[in-house]
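Let me begin by presenting the structure, written as structure tokens, before commenting on it.
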2 protein chains.
Amino acid sequence: MEDNTPPFNSIFSIDCLVFGYEAGELKILLIERSEDPFKDWYALPGYIVQQEESLDHAAERTIFELTGLRDLPMKQFHTFGDVDRHPKGRVITVGYYALIRINAQKELRSISSMARKALWHPVKTLPKLAFDHSDIFHTGFAKIRRRLTHQPIAFDLLPEKFTLTQLQGLYEAILDKKLDKRNFRKKMLSYGYLKELVEKQRGVSYRAAKLYKFDRRKYAKIFQNEMGPSAAQQ
Amino acid sequence: MEDNTPPFNSIFSIDCLVFGYEAGELKILLIERSEDPFKDWYALPGYIVQQEESLDHAAERTIFELTGLRDLPMKQFHTFGDVDRHPKGRVITVGYYALIRINAQKELRSISSMARKALWHPVKTLPKLAFDHSDIFHTGFAKIRRRLTHQPIAFDLLPEKFTLTQLQGLYEAILDKKLDKRNFRKKMLSYGYLKELVEKQRGVSYRAAKLYKFDRRKYAKIFQNEMGPSAAQQ
DNA sequence: GCAAAAGTGTTAGTCCTACACCCATGA
DNA sequence: TCATGGGTGTAGGACTAACACTTTTGC
């Protein structure tokens, strides 16, 4: 790692875990760094927080600039402040996560001059990341896994209309274990916030499955007290 | 609020929620500010994070300087970074909490020149706090309430030896609701991490209750997977 | 002996888990 | 007609919630 830029004093930044789900796999958005330190390494997309900008805003801006998506429910999960986490100076970073629908059509933009490109990478086979980004990933992913059981965050990853089997596949990908089909369906439907559509799956060479929608309105009514991150945005 | 000190640029700080339990009440450590802004207001004890100091270290230092207690399990819970949360400049602050045993003998020291004194204040009747400290309090307290049901954090607040009724009183103080005596005892004992002592309560004018200890070793064995904050320190 | 808290079981309802077969569809 | 996933019910065990009386102790 060569480095000839001058050192700096304290700054803060945000780093984002952006999860997506594609081809039955859970993926995360990474950038490939084009500058030292950690030139050519993969890293989490991150940004320095600007003087007149809240943390939440910085996180949303990062996602927007990478994916073109606005108003995503970004959630803070932990702040990393070890003295030596950045070789060039003191950087305290706030970890955020978002769960989004991958839009295969839309091209990813590089987030800054530091990044050669951005890409979706399966979480199952993540390489070592720059800085302490591997730690950040593990901390955040563990949090999401715990949250999944209590809050309806999975729907942010799926297309608007989905089958119960797709939903189950997603749960299995996040929790990394097989679930029982009958129990899973019973439980999901018992929550009462899935809306069954008349529309069915099309273009499959087997019995077409019913499609469902996540009904935010119903969810909010049912769980008025313990608001989930998805519900929080309305 | 008068203020004639010069403004500053970005700095980071930590603010601590230090909980204690005394006389059947849940209390929190506050300082009374002796300087503008928010002169004479109550505030959370907080500190600026020094250049060569990790966030965790700054939090532990704060507690040590106020209470003389070392090596407490300080836990980060959220970071607050709104642009205008401090009238004198940009201050991003990381919220930490700790649960400790109040030692009535030991006098509290003021944490800095900014604070006239430090005191234990019941959480039930908290006044408005300086800056956004009321928000910080509510966010952190909500987190602890949720955590209490899953993790054995209550024992940090009690004396080493305690009765089941004392333990129940503490749970009731934190959750702010009455619990059923028989069910509470059954459940607590079923966890298997309470050690019954031969020693009994003394000096009470009614049937003396059995004393118990929280057995960290047993707890760690039973819940090797999902480590709690108390277990984390060994 | 009285006041005050300690201590103790059972029942009904709910939730969780494990488990296997027939159905509808397109190729 | 076959391959593929879609869709369905039950029974046993575990956990939860509700509920009231007797025991021990110090004064």
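Being a predicted model, the structure only gives us computed values, none of them experimental. Lettering follows sequence order; numbering is per chain, from 1.
- A salt bridge does not link B:Arg145 to B:Asp176: none of the charged side-chain nitrogens sits closer than 4.0 Å to a carboxylate oxygen.
- Ranked by how close their nearest DNA chain C nucleotide is to the 5' end, B:Asp180 and A:Arg207 are led by B:Asp180.
- The side chain of A:Thr165 contributes an N or O atom lying less than 4.0 Å from OP1 or OP2 of D:dG6.
- Between B:Leu164 atom CG and C:dA5 atom C1' there is a gap of 13 Å when expressed in whole angstrom units.
- Counting non-hydrogen atoms under 4.0 angstrom, A:Lys186 reaches a base of the nucleic acid.
- Atom-to-atom, CZ of A:Arg202 to C1' of C:dA24 comes out at 17 Å; the value is rounded to the nearest Å.
- Taking for each of A:Arg182 and A:Tyr206 the nucleotide of DNA chain C with the nearest heavy atom, the 5'-most of the two is the partner of A:Arg182.
- No donor-acceptor pair closer than 3.5 Å links the side chain of A:Gln76 to the backbone N or O of B:His78.
- Between A:Lys187 atom NZ and C:dT17 atom P there is a gap of 7 Å when expressed in whole angstrom units.
- The CG atom of B:Leu189 sits 13 Å away from the C1' atom of C:dA6 (whole-angstrom rounding).
- Both A:Ala209 and A:Asn183 sit near DNA chain D, but only A:Ala209 has its closest nucleotide nearer the 5' end.
- Whole-Å rounding puts the B:Lys200 NZ to D:dT25 P distance at 6 Å.
- Residues A:Leu157 and A:Phe162 are not in side-chain contact: their nearest non-hydrogen atoms beyond the backbone lie 4.5 Å or more apart.
- Within the structure, a side-chain polar atom (N or O) of A:Arg185 is placed less than 4.0 Å from OP1 or OP2 of D:dG7.
- For the pair B:Lys210 NZ and C:dT8 C1', the computed distance is 10 Å after rounding to whole Å.
- Taking atom CD on B:Gln201 and atom P on D:dG26, their separation rounds to 11 Å, with Å as the unit.
- Across the interface with DNA chain D, nearest-nucleotide mapping of A:Ser205 and A:Gln166 shows A:Ser205 to be the residue nearer the 5′ end.
- With A:Phe19 as the partner, the ring-ring contact (aromatic ring centres under 6.0 Å, His included) test is satisfied by one option alone out of A:Trp120, A:Tyr97, A:Phe141, A:Tyr96: A:Phe141.
- Remark: P of C:dC23 and NZ of A:Lys181 are 14 Å apart, rounded to the nearest angstrom.
- Open room surrounds CD on B:Glu160; 12 or fewer heavy atoms of other groups in view lie less than 6.0 Å from it.
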